[in-house]
Amino acid sequence: MFVLFEEDGAFKAGTILADNDASLQVENTHGKRVKIKRANVLLNFREPSPAELLNRAGADAEGLDTEFLWEVCGDDEFGFAEFAAEYYGHAPSPVEAAAVLLRLHAAPIWFHRKGKGRFRKAPTDILQAALAGLEKKRQQAQAIDQMRGELVAGRLPVEFNGMVAQLLYRPDRNRPEVKALEAACVDTGLSAARLLLKCGALPSSYEFHYNRFLFEQFPQGTAFPAFDGPTAPIGLPRADVAAFSIDDATTTEIDDAFSVNPREGGGWRIGIHIAAPALGFTRGSTLDAIARQRLSTVYMPGNKITMLPDEVVEAFTLAAGRDCPAISLYLDVRPDLTIISHESRVEMVPIAANLRHHDIEPVFNEDTLHDGGPDFPWKRELTLLWDLATVLEAGRGKPSAHSNQVDYNFYVDWQQHTADGPGYITIGHRLRGSPMDKLVAEMMILANSTWGKLLDEAGVPGLYRAQGGGKVRMTTVAAPHEGLGVDCYAWSSSPLRRYVDLVNQWQIIAVLTHGEPAFAPKSADLMAALRDFELTYAEYNEFQRRMERYWCLRWLRQAQPATVEAKVLRDNLVRLEAVPLMFKVPSLPPQLPGSRVKLAVDGSDLIDVEVETRYLTTLSEPDPELEDEAEY
């Protein structure tokens with residue numbers, strides 16, 4: 001005697017070896033002995049053999065029309081054997097009964113299971129909905145396969161238009177486009193970014209990194225919304241100075257300038273002048289909303305996303321040849337560079353010149369300060385400011401650290417193209433702590449600490465940078481900054497570029513003009529602005545570091561050196577000497593930090609932003625007497 005039974009959701013057949021009332025010992029078609037419950041037995045038969053029954057029933061089931069079976073069966077629940085008898089018009093053979101069972105079981109949309117071997121036809125409305133769902137899935141599968149084929153062939157499917165960023169940076173795996181992309185990645189062995197780059201969805205690897213940042217930080221794009229233009233301040237007194245700024249050649253948001261005038265009786269009156277966009281719009285205006293959302297200008301090699309619209313920047317930047325609204329800090333200085341007093345004013349400042357680093361550094365540097373050097377415009381003023389900066393630095397008790405550290409300047413010529421896409425990178429370097437750096441830094445530290453005290457003494461809240469125990473934090477109350485050696489430090493010198501500085505400028509203007517502060521003490525909005533700025537500013541800075549690393553790699557691919565020289569930082573981490581590119585060298589043997597090594601360049605990847613190198617030889621070990629190198 002043979003039986004057809006259900007086990008683990010599948011139909012099997014076997015020979016009965018022992019019949020115990022509640023269970024059976026059965027040998028299945030593979031020769032395995034199993035114990036089954038009698039309730040799981042669906043059919044007893046004597047012929048054909050179990051294996052033949054399954055084979056013949058499976059073949060016959062394929063020939064049964066599911067739709068016809070659904071139409072001819074009744075609406076009530078039924079057993080498969082009963083239905084087989086009605087369908088064939090006679091007592092069904094074991095093969096016929098099994099064929100009907102297999103067909104009913106294989107069509108769950110048409111027939112709903114109600115128990116072991118029992119079914120009920122699906123209601124018409126439910127069936128139609130299910131069939132529509134099946135058709136939709138079929139069409140979707142067909143579309144996915146078509147898109148996959150397009151991608152494998154190196155073509156971008158039209159369905160991908162307008163959604164490449166979402167596919168790359170926040171894919172929804174329920175979407176057919178994502179399924180097609182994943183399938184194509186498996187077929188080609190490429191990552192999604194590399195495959196889309198190959199298909200022309202991205203002009204170059206640069207757009208992959210830049211667009212990711214825009215997708216995360218500027219989902220609505222970088223264009224400014226409509227805004228009410230800034231108001232030109234009126235009635236401000238005109239300063240009797242000729243101010244000049246010192247900036248990089250690419251700087252358009254010129255925040256600060258300086259002036260030097262002799263005092264009667266000896267000494268000088270030195271002015272630190274900060275651009276004052278806070279005079280052009282108020283808190284709660286559309287421009288405030290724009291600045292509050294962006295919180296800072298975003299910098300990256302070859303590009304930037306400004307915090308304020310160009311129209312506002314142009315109106316308040318300290319451009320040469322015009323009078324600009326500014327907040328000025330005047331220092332009365334004796335001939336021995338002792339500061340007698342200081343005064344802050346809101347005024348119009350005539351800007352006489354915008355000095356640029358590349359023009360001034362060749363004639364104003366450590367060598368020319370010691371040896372005299374040639375005469376040039378503004379030499380007397382710059383030399384005096386540098387002398388004062390040296391005194392201020394000593395007064396803070398914080399002499400310049402890491403003066404041998406190198407700063408790198410990135411210049412991208414977007415008119416030139418390379419094999420990696422638009423943009424030819426040039427990376428220049430200059431020693432940090434140059435006379436101009438010290439001059440500007442000390443003047444800004446003095447202005448920010450002085451105005452921080454001004455707010456604190458007036459009982460007006462501001463946004464401060466504080467440091468204690470080596471940890472830097474932001475706070476709304478004045479607190480010491482141990483790293484700078486000042487009692488308090490309120491960012492106020494870059495209001496065109498940072499929202500924190502703009503907020504502090506509103507507060508400073510209120511104190512100087514005896515007006516109502518934009519933010520009251522214990523303002524929840526002020527604390528919210530602080531928190532948002534800290535998070536956003538950190539993300540912007542991290543993006544700038546990532547893009548500098550990317551362009552370092554582009555520089556390396558442009559130069560195509562077979563070998564490079566690098567300095568060991570720690571373990572197998574090294575930094576190139578020519579550009580600030582840090583990476584790990586797995587083959588590097590143990591080296592002292594500061595050792596110089598030669599490496600072979602084996603390859604690089606602009607998507608992962610990684611370089612592959614091999615250790616060749618050690619060029620030199622560090623000199624303990626010169627070991628004053630800080631990490632970039």
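A donor-acceptor pair under 3.5 Å links the side-chain atoms of Arg554 to the main chain of Gly421, judged by distance alone. Between the side chain of His209 and the main chain of Arg546, no donor-acceptor pair closer than 3.5 Å is present. Of the possible donor and acceptor atoms, one in the side chain of Arg294 sits under 3.5 Å from a partner among the backbone N and O of Thr306. For Thr450 (side chain) and Asn448 (main-chain N/O), no donor-acceptor pair under 3.5 Å exists by modelled atom type. At distances below 3.5 Å, at least one donor-acceptor pair connects side-chain atoms of Asn365 with backbone N or O atoms of Asp367. Looking only at distances, no side-chain donor or acceptor of Ser245 sits under 3.5 Å from a matching main-chain atom of Ile254. Formation of a donor-acceptor pair under 3.5 Å by the Ser449 side chain with backbone atoms of Leu446 is found in this model. Counting only distance, with no hydrogens or angles, the side chain of Thr418 and the backbone of Asp420 share a donor-acceptor pair below 3.5 Å. A donor-acceptor pair is defined here as one N or O able to donate and one able to accept, closer than 3.5 Å; no such pair exists between the side chain of Asp288 and the backbone of Arg283. Although no hydrogens or angles enter the test, the distance criterion places no donor-acceptor pair under 3.5 Å between the side chain of Asp323 and the main chain of Met348.
Between Leu496 and Thr297, the closest heavy-atom pair is O-OG1, 4.1 Å. The two residues Ala466 and Thr475 have their closest heavy-atom pair at CB-CG2, 4.1 Å. Nearest approach of Gln505 to Pro495, heavy atoms of both residues: NE2-CG, 3.4 Å. The two atoms that bring Arg465 and Val472 nearest to each other are NH2-CG1, 3.6 Å, heavy atoms only. Of all heavy-atom pairs spanning His417 and Pro422, the tightest one is CE1-CG, 3.6 Å. Among all heavy-atom pairs drawn from Ser328 and Val349, the shortest one is OG-CG2, 3.6 Å.
Few gaps surround CG on Asn161; more than 12 heavy atoms of other groups in view lie less than 6.0 Å from it.
Side-chain contact of Ser523 with Asp525: a donor-acceptor pair under 3.5 Å is absent, judged by distance alone. Side-chain contact check for Thr536 and Glu539: no donor-acceptor pair (N or O, by modelled atom type) lies under 3.5 Å. Side-chain contact annotation: Gln416 with Asp413, donor-acceptor N/O pair under 3.5 Å present. In the model, Thr252 has a side-chain atom that pairs as donor or acceptor with a side-chain atom of Lys304 under 3.5 Å. Using a 3.5 Å distance cut-off with no hydrogens or angles, the side chains of Ser493 and Asp256 do not pair a donor with an acceptor. No side-chain N or O of Tyr499 forms a donor-acceptor pair with one of Asn504 less than 3.5 Å apart. Residues Ser205 and Tyr550 have side chains that bring a donor and an acceptor to within less than 3.5 angstrom of each other.
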Decide yes or no on side-chain contact (heavy atoms from CB on, under 4.5 Å) for Met474 and Val500, but give the supporting numbers first.
CA-CA 10 Å; Met474 294 197 70; Val500 165; 3.8 Å; yes
Would Arg269 and Glu264 count as a salt bridge (charged side-chain N to carboxylate O under 4.0 Å, His left out) if you check the C-alpha gap in whole Å, the side-chain angles of each, and the deciding distance to 0.1 Å?
CA-CA 10 Å; Arg269 187 168 175 82; Glu264 291 185 10; over 6 Å; no
Would Val412 and Tyr424 satisfy side-chain contact (heavy atoms from CB on, under 4.5 Å), going step by step from the backbone distance to the final call?
CA-CA 5 Å; Val412 180; Tyr424 186 91; over 6 Å; no
Trace of the ring pair (Phe, Tyr, Trp, His ring centres under 6.0 Å) decision for Trp491 with Tyr537:
CA-CA 13 Å; Trp491 263 347; Tyr537 198 61; 5.7 Å; yes
Going through the distances and angles, do Ile274 and Trp451 end up as a side-chain contact (heavy atoms from CB on, under 4.5 Å)?
CA-CA 12 Å; Ile274 304 300; Trp451 285 332; 3.6 Å; yes
Could you go step by step and tell me if Asn211 and Leu168 meet the side-chain contact (heavy atoms from CB on, under 4.5 Å) rule?
CA-CA 10 Å; Asn211 292 344; Leu168 279 174; over 6 Å; no
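Note: Phe244 and His273 fail the aromatic proximity criterion, with ring centroids not under 6.0 Å apart.
Taking CD1 from Ile607 and CG from Leu197, the interatomic distance works out to 5.5 Å, rounded to the nearest 0.5 Å. Expressed to the nearest 0.5 Å, how far CG of Leu331 lies from CG of Leu388 amounts to 6.5 Å. The distance from the CD1 atom of Ile246 to the CD atom of Glu361 is 10.0 Å, given to the nearest 0.5 Å. Here the CZ-CZ distance, from Phe543 to Arg212, works out to 11.0 Å after rounding to the nearest 0.5 Å. In this structure, CZ on Phe376 lies 5.5 Å from CD1 on Ile360, to the nearest 0.5 angstrom.
Note: Tyr540 and Phe218 have parallel aromatic rings, judged against thresholds of 30 and 60 degrees for the angle between ring planes. Ring orientation note: the planes of Tyr206 and Tyr210 are close to parallel, at an angle under 30° on the 30°/60° scale. The aromatic rings of Tyr169 and Phe215 are tilted relative to each other, their planes meeting at an angle between 30° and 60°.
Put simply, the side chain of Asp332 does not reach to within 4.5 Å of the side chain of Ile270, judged on heavy atoms. Looking at heavy atoms from C-beta onward, Arg497 lies out of side-chain contact with Ser296 at the 4.5 angstrom threshold. Between Phe583 and Arg549, some side-chain heavy-atom pair lies under the 4.5 Å cut-off. Contact check for Met436 versus His357: side-chain heavy atoms found under the 4.5 Å cut-off. Taking the side chain as every heavy atom from C-beta outward, Cys488 and His481 never approach each other to under 4.5 Å. Residues Arg345 and Ile327 have side chains not in contact (no heavy-atom distance under 4.5 Å, counting atoms from C-beta outward). Here the side chains of Ile509 and Leu279 are in contact, with some heavy-atom distance below 4.5 Å. Residues Leu392 and Met443 have side chains in contact (heavy-atom distance under 4.5 Å, counting atoms from C-beta outward).
One finds a salt bridge joining Arg545 and Glu542 here, because a Lys/Arg side-chain nitrogen approaches an Asp/Glu carboxylate oxygen to under 4.0 Å. Salt bridge absent: Glu381 and Lys379 never bring a charged side-chain N and a carboxylate O closer than 4.0 Å. Salt bridge status for Glu534 with Arg473: absent, with no side-chain N to carboxylate O gap under 4.0 Å. Salt bridge status for Glu577 with Lys567: absent, with no side-chain N to carboxylate O gap under 4.0 Å.
When Tyr411, Phe410, Tyr299 are each tested for a side-chain contact (heavy atoms from CB on, under 4.5 Å) with Thr250, only one passes: Tyr411.
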